[in-house]
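One structure, as structure tokens, below. Some questions next.
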Amino acid sequence: MKGVGLIFKKEWMEFSKDRRTLLFTFVIPLILFPAIFMMMTKMAQGDSVRRRGQASRIVLNDPGGVMKPFLLEETKLFQLVEAPGGDLKQALRDKKFDLAVDVEEDAPGKLRRQEPFAVKAMVDESESASELALKRLKEAMQKQDQVWVQARLEAIRAPKDLPKPTNLIIEKASDLALEMSKLLGMIVPYILLIGLYTNAMQHGVYMTAGEKERHTLLSLLSTPLPRSHVIWGKLLATFSIGVLGTVMNVVGMGLGFLILGQQAVGSEAATAGAAAAPSLSFASLASPATLGLTLLLLIPLGLFFSSIILVLGTQAKNSREAMTAITPGIFVVVMLGVFSMSPGLEKMAALPYVPVLNVALTIRKLFSHEFVAWQYLLAFVMTSGLAAAMAWVSTSILNRESVIFKQ
Amino acid sequence: MIQVTNLHKAFTVKDGKTKAKKRIEAVRGISFQVNPGEIYGLLGPNGAGKSTTLRMIATLMQPDQGTIEVCGLDTQKEGEKVRGRLGYLSTDMNVYERFTPRELLRLFGEFQGVDATIAERRGLYLLDKLQLTDFSDVKMDGLSSGQKQKVSIARALLHDPKVVIFDEPTTGLDVLTAKTVLDLLRVMRSEGRTVIVSTHVMPLVDEICDRVGIIFDGELYGDAPPREILGRYSVRTLDEVFFKLAAGGGR
């Protein structure tokens, strides 16, 4: 098997000579994802802070003057504005104000008679500022309702807690780390599937159809190395570059999630007090066992994808033809990837028996701390079998003269 | 030594117009022998079957019928051993442009199972012979096509092969580079190697070939020293032999 090692070495040497490809395969993913996540967080945070710092503009129609006093009290939250002329709905969509509130005319009378009165709010749910205004209105009304209820209770000398017979105390079973880990478990299979396929695609095509195109394949085949060693060496090189590139993507994404998580921790700390802030680290997102088992699953999956690429790349006359043959596979992989992110996927009974998707399912369960040994083994064995079959096909294809000398 | 006996090879091709598949016999019952210390010229027009014959000798293709022996080894049964004793170069071969000549030769030395020190020494010797010493550490995407061809020659000869097959070795080369290649072929003959050169450049044949075989439409005509062939066809140049063969449909 020395020949396999020699071809593997040659492919890696050739790959390492191209610094730009090295940079884009291994370094950029490490920088790109954290940078994108950081940027997104900053932007969302900036927008949220800006909106929270501004009072919501309310168009209030309150003929009885029931609500106006307590809304005016909250100057930081509400700003009462004049109703613009014309269609009110259109004006709201045009962001001329954030919320229109219409209070029933007989509200003071109903309040006196202890009857509920209606308050209509017009909101634009596609606008976060309008949604925030509605949320603030609900909170202000809830507060005011309590004031009125307490006054009524006092009038009949009833205890303050009369309208609140129960007190719900919520205790979170999952911590932030598990929530983030589950989220990561949904996205990781998608990234792995696409990353493995596209990375293998680029480098596999260069090593097969690219060699034909550059007229270097014949010099390789004219050496005493068996053809099976040539193709296996290329397979291993495609696989290793693909897996490493994908791992870099996942690590980059993990770093991104860490940034996102730290941001969430920051928000919680702001609400609960700095001392109560939970800790979030890379290890809390994915344990060494989770990472190890995921990496182990990447071996057959990477080999399977690499073999597919080598079969198609070897058969093609040149890189363009190879890319044309391989590109439809991206759509298939993207579809599988998107499917693997669907909620409730783990409840599908047949999924552990579906190739490729069972790998996605297994990884998802690993990240959700729900390891099922037989499912893991099944996914591993099934994908290994597929990889072996495709590797055999790619070897037999390189033995065909019509493939080598295809013009 | 190379012994080719009753070689046949056919390809299935698709007709561009009718889309029907048809079988083309590229090589039809060719037999010849090349001895150590001899340069054998395989001549013929484009598509005559020269490259197919050479690819079969180099074990890159399998014959449909017939046998080939290289250094006493059957090419169909002992392909890997044959390739270890054979240096093959053709026009449709190029160098790995991301490497320097020195790196490429070191790598192919490993492929050929040559000891690293010996490969390094022999590589430098060949680069010197081919006047490439100054370029031995230059990345090959910066070399001219002639220089790349020279590196290919060094690559084919690195493992000190007993049998050398050069398919159109001077195509695309300038006069000076072509002369270097021809000089190298003469050196190989003097070293007792078995050499086959395929070409359609007739002066080259006159200059270096001890014997020639003319392939026309998949069949071998001649197989004799160049002068003898000229006498047999009563012509003054080998080009005229082609014309006669073409006019007579190979007869």
Side-chain angles (χ1 to χ4, degrees), chain A residues 1-22 203 206-234 237 241 314 317-319 395-396 398-407, chain B residues 9-14 26 51-52 54-64 78-100 103-104 106-114 139-141 148-149 151-156 158-159 161 165 167:
Chain A
M1 297 302 274
K2 197 183 163 196
V4 179
L6 287 172
I7 296 293
F8 178 78
K9 179 182 157 186
K10 175 240 154 203
E11 296 300 348
W12 263 97
M13 270 175 74
E14 217 182 341
F15 173 66
S16 65
K17 298 268 174 193
D18 185 0
R19 286 190 186 155
R20 251 180 302 179
T21 309
L22 274 177
H203 306 293
Y206 182 87
M207 290 176 203
T208 50
E211 282 237 31
K212 278 192 198 175
E213 198 172 54
R214 297 188 301 276
H215 297 284
T216 50
L217 186 63
L218 277 188
S219 61
L220 210 57
L221 298 180
S222 66
T223 65
L225 300 177
R227 283 186 189 173
S228 56
H229 289 197
V230 172
I231 201 77
W232 291 345
K234 284 178 182 290
I241 295 171
T314 312
K317 273 188 280 192
N318 49 42
S319 301
T395 311
S396 61
L398 195 65
N399 277 321
R400 284 192 207 156
E401 287 167 9
S402 57
V403 165
I404 298 168
F405 295 101
K406 200 172 187 181
Q407 294 293 320
Chain B
K9 183 75 183 175
F11 299 108
T12 306
V13 292
K14 212 178 207 178
S51 293
T52 304
L54 296 183
R55 282 170 182 171
M56 284 191 280
I57 298 171
T59 77
L60 292 169
M61 278 183 175
Q62 291 293 318
D64 294 337
E78 295 170 288
E80 286 156 31
K81 281 185 186 169
V82 169
R83 290 198 294 276
R85 287 163 173 77
L86 190 140
Y88 175 70
L89 174 80
S90 83
T91 44
D92 48 11
M93 276 178 166
N94 204 349
V95 290
Y96 289 93
E97 296 194 343
R98 286 184 185 172
F99 295 136
T100 66
E103 285 170 338
L104 182 96
R106 201 180 294 150
L107 200 63
F108 271 81
E110 287 188 73
F111 292 165
Q112 293 285 358
V114 182
K139 226 170 143 183
M140 281 188 278
D141 56 5
K148 286 178 195 166
Q149 174 82 330
V151 177
S152 283
I153 292 170
R155 191 265 309 149
L158 184 77
H159 55 295
I165 299 173
D167 189 3

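Computed from heavy atoms alone, side chains included, the values below leave out hydrogens, waters and symmetry copies. Convention: sequence-line order gives letters A, B, ...; per-chain numbering from 1. Note that the structure is a prediction, hence the values are computed from the model and not measured.
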Per the side chain to side chain contact (heavy atoms under 4.5 Å, CB included) rule, which among B:Gln112, B:Arg155, B:Arg55 passes with A:Ser222?
B:Arg155
Between A:Lys10 and B:Glu110, does any side-chain N to carboxylate O distance fall below 4.0 Å?
no
Name the option with the most non-hydrogen atom pairs under 4.5 Å to chain A; the candidates are B:His159, B:Lys139, B:Lys9.
B:Lys9
Do the non-hydrogen side-chain atoms of B:Arg98 and A:Asp18 ever get within less than 4.5 Å of each other?
yes
Report which part of B:Leu107 has an atom under 4.5 Å of a heavy atom belonging to chain A: side chain, backbone, both, or neither.
side chain
Roughly how far, to the nearest 0.5 Å, is the CD atom of B:Glu97 from the CZ atom of A:Arg214?
8.5 Å
B:Gln62 versus chain A, the contacting section by heavy-atom distance below 4.5 Å:
both
I need the minimum non-hydrogen distance between B:Gly84 and A:Pro224, along with the two atoms involved.
CA-CG, 3.6 Å
With only heavy atoms counted, which part of B:Val95 is less than 4.5 Å from chain A, the side chain, the backbone, both or neither?
backbone
Which distance, rounded to the nearest 0.5 Å, do you find between the NE2 of A:His215 and the OG of B:Ser90?
9.5 Å
For the interface with chain A, which of B:Thr12, B:Asn94, B:Leu86 has the highest count of heavy-atom pairs at distances below 4.5 Å?
B:Asn94
Show me the pairs that pass side chain to side chain donor-acceptor pair (under 3.5 Å) and involve residues 80-89 of chain B, at least two apart or across chains.
B:Thr59-B:Arg83
Go through the structure and list residues passing ring pair (Phe, Tyr, Trp, His ring centres under 6.0 Å) with B:Phe99, not counting sequence neighbours.
none
Taking side chain as C-beta onward, heavy atoms only, is B:Tyr96 less than 4.5 Å from A:Leu220?
yes
Atom CE in B:Met56, atom CD in A:Glu401: separation rounded to 0.5 Å?
8.5 Å
Indicate the atoms forming the closest heavy-atom contact of A:Leu218 with B:Asp92, along with that distance.
CD1-OD1, 3.5 Å
